[in-house]
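Convention: sequence-line order gives letters A, B, ...; per-chain numbering from 1. If you're wondering where the values come from, they're calculated on a predicted model, not measured in any experiment.
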Protein chains: 2
Amino acid sequence: MVTIKDVAAHAGVSTATVSYVLNGQGSIPAETQRRVWESVTTLQYHPRHAARAMRGRSHTLGVSIARGYDRLADPTAAEVLAGMADAASQRGLSLLLIPRTDDPAAGCVQVARSGQVDGVVLFDPEHADARLDALVAAGIAHVCIGQVGAVWVTHDVALGMTQAVQHLVHLGHRAIGLIAPDPELVSSDWYVESYMAAMESQGLMVPEGGVLAGGRREADGEAAMAELLALDERITAVIAASDELAYGAMRAIRDAGLVVGRDVSLMGFDDLPPAAYLQPPLTTMRQPRYDMGVAAIGLLEAQVTHATPAQTHLVLAPKLIIRASTGQMVMHDS
Amino acid sequence: MVTIKDVAAHAGVSTATVSYVLNGQGSIPAETQRRVWESVTTLQYHPRHAARAMRGRSHTLGVSIARGYDRLADPTAAEVLAGMADAASQRGLSLLLIPRTDDPAAGCVQVARSGQVDGVVLFDPEHADARLDALVAAGIAHVCIGQVGAVWVTHDVALGMTQAVQHLVHLGHRAIGLIAPDPELVSSDWYVESYMAAMESQGLMVPEGGVLAGGRREADGEAAMAELLALDERITAVIAASDELAYGAMRAIRDAGLVVGRDVSLMGFDDLPPAAYLQPPLTTMRQPRYDMGVAAIGLLEAQVTHATPAQTHLVLAPKLIIRASTGQMVMHDS
DNA sequence: TATAATCGGTTAATCGATTAACCTCCCACG
DNA sequence: CGTGGGAGGTTAATCGATTAACCGATTATA
C-alpha cells in the first residue's frame with residue numbers, strides 16, 4: 001500500500017508538502033507541485049480514506065431503507081436512490097446503505113456516531129418513526145423523503161390531486177372516489193385532505209363511502225375497488241394513491257365485467273415504467289422521483305456543512321400523464 | 001464526541017482494557033468487563049469507524065452500478081441490492097454505493113485503493129468492462145453479477161431456457177422464436193446458445209430468422225416481435241429474454257390483431273412485479289434475484305477474508321411461473 | 001531450585017494524513 | 001548595517017483505536 005510517505009520520498013519533499021499540494025493549500029511553487037503530482041500518478045497513490053476521515057468529515061452520507069415491505073425492491077425507491085447517487089457523486093460524496101438490522105434506529109445512530117457517515121437520509125419515514133426520534137435526540141443531520149420531521153423533500157400531493165380531479169372533471173366526471181394510501185405512511189392524510197380540498201374547490205361532493213384506505217399492494221387496491229363498485233351511489237372515476245394500487249383496482253374493475261376508461265375511469269399516482277404497458281395504459285401523476293433524490297442530497301449536504309440549513313424543505317411538482325385509463329364520462333341507463 | 005479515553009476514565013481502566021473488552025480479546029475478568037460495558041452504554045460510546053479502519057479492514061463493501069441505461073432504477077437490480085444489503089448487514093458489513101463518475105473504472109479502483117471498501121461487487125458487467133480490467137490489474141477483491149470475470153454469481157440461463165422450451169413444447173408448439181438480450185450484455189450469448197441447445201434436445205429446428213437480438217427496453221421487444229410476426233414461417237411461440245422485452249412484444253402482437261396466449265404464446269424472463277398484472281398475465285422464468293445478492297456478498301467476503309476463495313462462482317436456479325400468456329397451440333387455417 | 005506460565009491489567013508504538021508552528025535563506029528597506 | 005518579512009519549505013503534534021510487549025507478584029512445572 002503506497003502512502004503519503006512514499007510519495008514524499010519519491011518527489012524529494014516532506015509529507016506535509018505533499019499534503020499541501022494535494023489539497024491545494026499553502027504556497028507551493030508550480031515546479032514542486034508538478035513533481036509531486038508526477039509522483040502521485042506514477043506511484044498510483046490514493047490517500048487513505050480512513051486517515052482523512054480521522055480529522056474532519058467522512059464525506060459519506062447514509063441512506064436508511066427499512067426492511068419488511070421492501071422499499072429497496074420498489075422501483076419508486078430505486079429511482080430516488082439513483083438521483084441521490086448521482087447528486088452525491090457530483091459533490092464528491094459517497095453513499096452508504098445503512099445496515100438493515102433488527103433495530104433500525106440504533107443502526108442509524110451508530111453509523112453516524114461512529115463517524116462513518118456525516119448525515120442520514122431517511123427513505124421511508126412512517127408515523128412516529130423510531131429512527132427519526134433517535135436521529136433528532138442524537139443531534140444527527142438528516143433529511144426525510146416524505147413530509148415528516150424538520151427537513152424533508154416530497155412531491156406535491158396537493159397539486160397532484162388538484163390536477164387529477166380537474167382532469168376527471170373535464171372529462172365530465174362528478175362522482176369521484178379515492179383509494180388512499182396505507183394510513184401508516186406519513187403522507188396518507190395529505191392525500192385524503194388534498195382530495196377533499198380538490199373536490200370542494202370544484203364544487204363537488206365526496207361520495208358517501210367514496211374514500212377508502214387502500215394499503216400498499218395490488219391486492220389492497222383490488223379489494224378497495226371492489227368495495228367502491230358495490231356502493232349505492234355509482235362512482236364513475238377513481239383516483240388511486242399509487243400505481244400499484246391502481247393495478248389491483250384495474251383488475252377489480254375487469255372482474256366486475258366493466259371496462260376501464262369507459263365504464264370507470266381510473267388514475268394512478270407514480271407513473272412506474274409498466275404503467276404505459278397496462279391494458280389500457282394508465283393515466284397517472286408522474287412523481288419527480290429522481291429529482292427528489294437530488295434535492296435530498298442537496299439539503300443534507302447544506303446541513304452538514306453550514307450547520308444552519310438555508311432551506312428546510314422542498315416540494316417538487318408532479319406531472320399529469322394522460323393515457324387511456326381515463327375517458328369521457330358516458331351516461332348509463334339506470 | 002465520546003472516545004475510548006472517556007470510557008476508560010469513566011470505568012477506571014486503561015484504553016487498552018476497554019479495547020480488549022470491546023473486541024472480546026485478552027483475559028479480562030467478568031467484573032471489569034461489566035464496568036466497561038456499563039460505561040460504554042451510559043456514555044453512549046460508539047468506536048470511531050475511521051480509527052478502526054486505519055488498522056485492518058474497513059468492513060465495507062462497494063457496489064458499482066453503471067449509469068446510462070439506469071440499472072439502479074431497474075427493479076431487477078433493486079432486488080439484488082436488497083439481497084446484498086441484508087446479507088452484508090447480517091455479517092456486520094456496510095454497503096457503499098460507489099460514486100458514479102465519468103470514469104467508473106477509476107472510481108472503483110480509487111475507492112478500494114483508498115481503503116474505503118475491502119472489495120467490490122460489479123453489478124452490471126458488460127463485455128470488455130473497463131472496471132473489471134482495472135480491478136484485476138489492481139488486485140482488488142471483486143465479484144460480478146453475471147457470468148464474467150473470475151468470480152461471479154448468475155441465474156441459470158441454460159436451465160431456464162430448457163424449462164421454457166419444454167413448457168412450450170408441452171403446449172404443442174414447434175416453431176419457437178427467441179428475442180435475445182442486448183448483445184452488449186455478457187449473458188447475451190448464453191441466452192442464444194441455451195435456446196439453441198434446448199431446441200435441439202427437443203428435436204426442434206430453429207425457425208429461420210427466428211432469433212433476433214432484442215435490446216433492453218420495451219420498444220426493442222416491440223420491434224423484434226413485429227419482425228418475427230412478419231416471417232414466412234409462422235411462429236407460434238416466442239421466448240423473450242426479459243420481461244421488459246416481453247412487454248413490448250405483447251404490444252406488437254396485439255397491434256397485429258392477434259391474441260397473446262391463443263394465437264401466439266409469449267414468455268418473459270424475470271418475473272417483475274407487474275408481470276402478473278399484464279393482460280394476459282405473463283408466463284415467465286422467475287430469477288432468484290434476492291438470493292443472487294446474498295450469494296454475491298458471501299463470495300466477496302470469502303475472498304476478502306480468506307484470500308483463497310473456496311468457490312469462484314455460483315449458478316442459481318430460476319423458476320417457471322406459468323400464467324396465461326402461454327397456451328395450447330391451436331391450428332390455423334393456412 | 002530454576003524456569004515458566006498465569007493473572008489483570010498498563011505502556012507505548014503504530015496506522016496515514018493534516019496542520020500549526022517553526023526554520024532558513026534571501027532580499028528590501030530605513 | 002540591522003531588521004523585517006516573505007518564499008519555500010520542514011518538524012512534530014494530533015486524530016482514535018488496536019495490539020505487541022511488558023509489568024510485578026504468585027503459582028505450577030521441570
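Of the listed nucleotides (D:dC15, D:dT10, C:dA17), D:dC15 has the atom at the smallest distance from the side chain of A:Met54. Relative to the side chain of A:Thr15, the nucleotides D:dC15, C:dG8, C:dT18 differ in distance, and C:dT18 lies closest. In this structure, the nucleotide among D:dT18, C:dT18, C:dG8 sitting nearest to the side chain of B:Ser19 is D:dT18. The side chain of B:Arg48 lies closest to D:dG16, out of D:dT19, C:dA17, D:dG16. Comparing atom distances between the A:Gln25 side chain and each of C:dA17, C:dT19, C:dT10 picks out C:dT19 as nearest.
Following rounding to the nearest Å, A:Leu43 (CG) and C:dA17 (P) show an atom-to-atom distance of 12 Å. For the pair B:Asn23 CG and D:dT19 P, the interatomic distance rounds to 7 Å; values are reported in whole Å. Atom CD in A:Glu31 sits roughly 9 Å away from atom P in D:dG9 (whole-Å rounding). For the pair A:Arg34 CZ and D:dG9 P, the computed distance is 13 Å after rounding to whole Å. When rounded to the nearest whole Å, the span between NZ of B:Lys5 and P of D:dA17 equals 9 Å. Put simply, CD1 on A:Ile4 is 14 Å from P on C:dC15, counting in whole angstrom units. What separates CG of A:Asp6 from C1' of C:dC15 is a distance of 13 Å, to the nearest Å. One can place CZ of B:Arg35 at 11 Å from C1' of C:dG8, the figure rounded to the nearest angstrom.
Regarding contacts with the backbone of D:dG9, a side-chain N or O of A:Thr32 is found under 4.0 angstrom from either OP1 or OP2. Contact annotation: B:Thr17 side-chain N/O to C:dG8 OP1/OP2 distance is not under 4.0 Å. Contact between the side-chain N/O atoms of A:Ser14 and the OP1/OP2 oxygens of D:dT11 is not found at any separation under 4.0 Å. Neither OP1 nor OP2 of D:dA20 sits under 4.0 Å from any side-chain N or O of B:Tyr20.
Residue B:Arg52 is in sugar-phosphate contact alone, with no base atom involved, counting any heavy-atom pair closer than 4.0 Å across all strands shown. Among the atoms of the strands shown, only primed sugar atoms or phosphate atoms (P, OP1, OP2) are found under 4.0 Å from some heavy atom of B:Thr3. At a threshold of 4.0 angstrom between heavy atoms, the contacts of A:Val18 with the nucleic acid are absent.
Judged by closest nucleotide on DNA chain C, B:Ser27 is the one of B:Ser27 and B:Arg55 placed further toward the 5' end.
B:Leu22 has its side chain within reach of B:Pro47: a pair of non-hydrogen atoms, C-beta onward, lies under 4.5 Å apart.
Applying the ring-ring contact (aromatic ring centres under 6.0 Å, His included) criterion to B:His127, with sequence neighbours excluded, gives no partner residue.
A side-chain contact (heavy atoms from CB on, under 4.5 Å) with B:Val151 holds for exactly one of B:Val143, B:Leu300, B:Leu314; it is B:Val143.
Among residue pairs with one or both ends in residues 29-42 of chain B, those qualifying as salt bridge (charged side-chain N to carboxylate O under 4.0 Å, His left out) are B:Glu31-B:Arg34, B:Arg34-B:Glu38; sequence neighbours excluded.
For the residue pair B:Ser39 and B:His10, a side-chain donor N or O sits within less than 3.5 Å of a side-chain acceptor on the partner. A side-chain N or O of B:Arg131 and one of B:Ser64 form a donor-acceptor pair less than 3.5 Å apart.
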